[in-house]
Q: 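Please find one structure pasted underneath; my questions will follow.
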Amino acid sequence: MRDDSAVTAWALAARTGDETAVERFVRATQLDVRRYVTHLSGDAQAADDLVQDTYLRALRSLPRFEGRSSARTWLLSIARRTVADRLRSMASRPRLAGTDDWQTAVEQAQPRGVPGFDEGVALADLLSALPAPRREAFVLTQLLGLRYAEAAVIADCPVGTVRSRVARARETLVALLAEQEERGEGHEREHRSPAHSVGALARAHARVPAGSAA
């Protein structure tokens with residue numbers, strides 16, 4: 001379980017140039033930042049640059065960070081702006097390479113040969129059916145574990161909107177899983193696909209009351 005108070009403490013200590021605090025802050029948050037910018041940008045090849053740019057912006061802004069919100073929420077807000085700036089920049093010039101298929105980008109960005117990879121690919125496939133705002137809300141609250149209020153700060157929308165987007169995302173995912181399972185009923189059960197484990201996760205989320213993560 002993440003300790004947001006420790007992450008925030010490291011960020012506050014890093015304001016004074018504490019190199020150990022900076023290292024711990026980056027190490028504790030870099031996986032969340034990478035997952036978030038990859039989902040949001042749909043460009044796995046740009047993930048390294050987006051992560052680096054996010055931390056460069058964050059470290060320059062650290063002297064102004066006062067700890068009024070958690071450092072992780074503050075950092076992901078910077079990551080969101082970093083992705084938005086890149087998308088605006090890409091939209092202003094001819095597209096030479098890359099993909100609009102964020103699902104493929106996420107799959108390519110995930111490590112292979114490790115436990116849970118197949119489940120991650122299956123989840124990416126399901127998430128691809130969600131509209132971008134609902135996907136972002138689901139990723140922030142259900143995958144990255146942020147509270148609804150924190151996700152609302154990052155997404156720059158009311159908490160009620162985040163709740164609604166997550167609820168609708170859950171409904172869509174459960175419906176998609178039901179369709180997948182109906183199609184797979186004739187297959188041998190000893191060869192269960194990764195979607196089954198992902199399905200259990202999504203159904204569990206669907207049973208959680210909307211206010212439980214607030």
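Numbers here simply count residues along the sequence, with the first being 1.
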Q: Is there a donor-acceptor pair under 3.5 Å between the side chain of T172 and the backbone N or O of R168?
A: yes
Q: Determine whether E136 and R80 satisfy the following criterion, salt bridge (charged side-chain N to carboxylate O under 4.0 Å, His left out), listing intermediate values before the conclusion.
A: CA-CA 10 Å; E136 180 185 26; R80 192 177 198 269; 2.7 Å; yes
Q: Return the set of residues passing side-chain hydrogen bond (donor to acceptor under 3.5 Å, both in side chains) with T73 (not counting sequence neighbours), or none when no residue passes.
A: S70, E150
Q: Could you pull out the closest heavy-atom pair between A47 and T38, with the gap in Å?
A: CB-OG1, 3.7 Å
Q: Under 4.5 Å between any side-chain heavy atoms of V37 and R86, yes or no?
A: no
Q: Pair R135, R165 - check side chain to side chain contact (heavy atoms under 4.5 Å, CB included), show working.
A: CA-CA 8 Å; R135 184 170 67 238; R165 289 172 179 175; over 6 Å; no
Q: Transitively linked via ILVMFWY side-chain contacts under 4.5 Å: V7 with V153?
A: no
Q: Going by ring pair (Phe, Tyr, Trp, His ring centres under 6.0 Å), name the residues that satisfy it together with F65, two or more places apart in sequence or in a different chain.
A: W74
Q: Taking side chain as C-beta onward, heavy atoms only, is T82 less than 4.5 Å from V51?
A: no
Q: Looking at every heavy atom in both A14 and V22, which two are closest together, and how far apart are they?
A: CB-CG2, 3.4 Å
Q: Which heavy-atom pair separates A21 from A13 by the least distance, and what is that distance?
A: CB-CB, 3.7 Å
Q: S77 versus R81: any side-chain heavy-atom pair under 4.5 Å?
A: yes
Q: Looking at R72 and G145, what are the two nearest heavy atoms and their distance?
A: NH2-O, 4.1 Å
Q: Taking all non-hydrogen atoms of both residues, which atom of A58 and which atom of L75 are closest, and how far apart?
A: CB-CD1, 3.6 Å
Q: Can you list the residues that meet the side-chain hydrogen bond (donor to acceptor under 3.5 Å, both in side chains) rule with R64, with sequence neighbours excluded?
A: S61
Q: Are the side chains of T29 and L76 in contact, using a 4.5 Å heavy-atom criterion?
A: no
Q: Does a side-chain heavy-atom distance below 4.5 Å link V166 with R134?
A: no
Q: Please enumerate all residues that pass side-chain hydrogen bond (donor to acceptor under 3.5 Å, both in side chains) together with D49, with sequence neighbours excluded.
A: none
Q: If every non-hydrogen atom of T141 is compared with every non-hydrogen atom of A151, which pair is closest and at what distance?
A: CG2-CB, 3.8 Å
Q: Roughly how far apart are R147 CZ and D4 CG, rounded to 0.5 Å?
A: 8.5 Å
Q: When you look at R35 and V139, which way does the side chain to side chain contact (heavy atoms under 4.5 Å, CB included) test go after all the steps?
A: CA-CA 9 Å; R35 293 175 69 186; V139 168; over 6 Å; no
Q: With a 4.5 Å heavy-atom cut-off, do F138 and L173 have their side chains touching?
A: yes
Q: Using distance alone, with no hydrogens and no angle criterion, decide if Q30 and Y55 have a side-chain donor and acceptor under 3.5 Å apart.
A: no
Q: Kindly write out the residues that satisfy side-chain hydrogen bond (donor to acceptor under 3.5 Å, both in side chains) with Q52, not counting sequence neighbours, or none if the list is empty.
A: none
Q: Are there over 12 heavy-atom neighbours, none belonging to R57, within less than 6.0 Å of that residue's CZ?
A: yes
Q: Out of curiosity, L146 CG to I154 CD1, how far, rounded to the nearest 0.5 Å?
A: 4.5 Å
Q: Are any side-chain N or O atoms of T161 and backbone N or O atoms of C157, one a donor and one an acceptor, separated by less than 3.5 Å?
A: no
Q: Would you compute the distance between atom OG1 of T8 and atom CZ of F25 and round it to the nearest 0.5 angstrom?
A: 8.0 Å
Q: Provide the full list of salt bridge (Lys or Arg N to Asp or Glu O under 4.0 Å) pairs with a residue in residues 12-26, sequence neighbours left out, each pair given once.
A: E23-R27
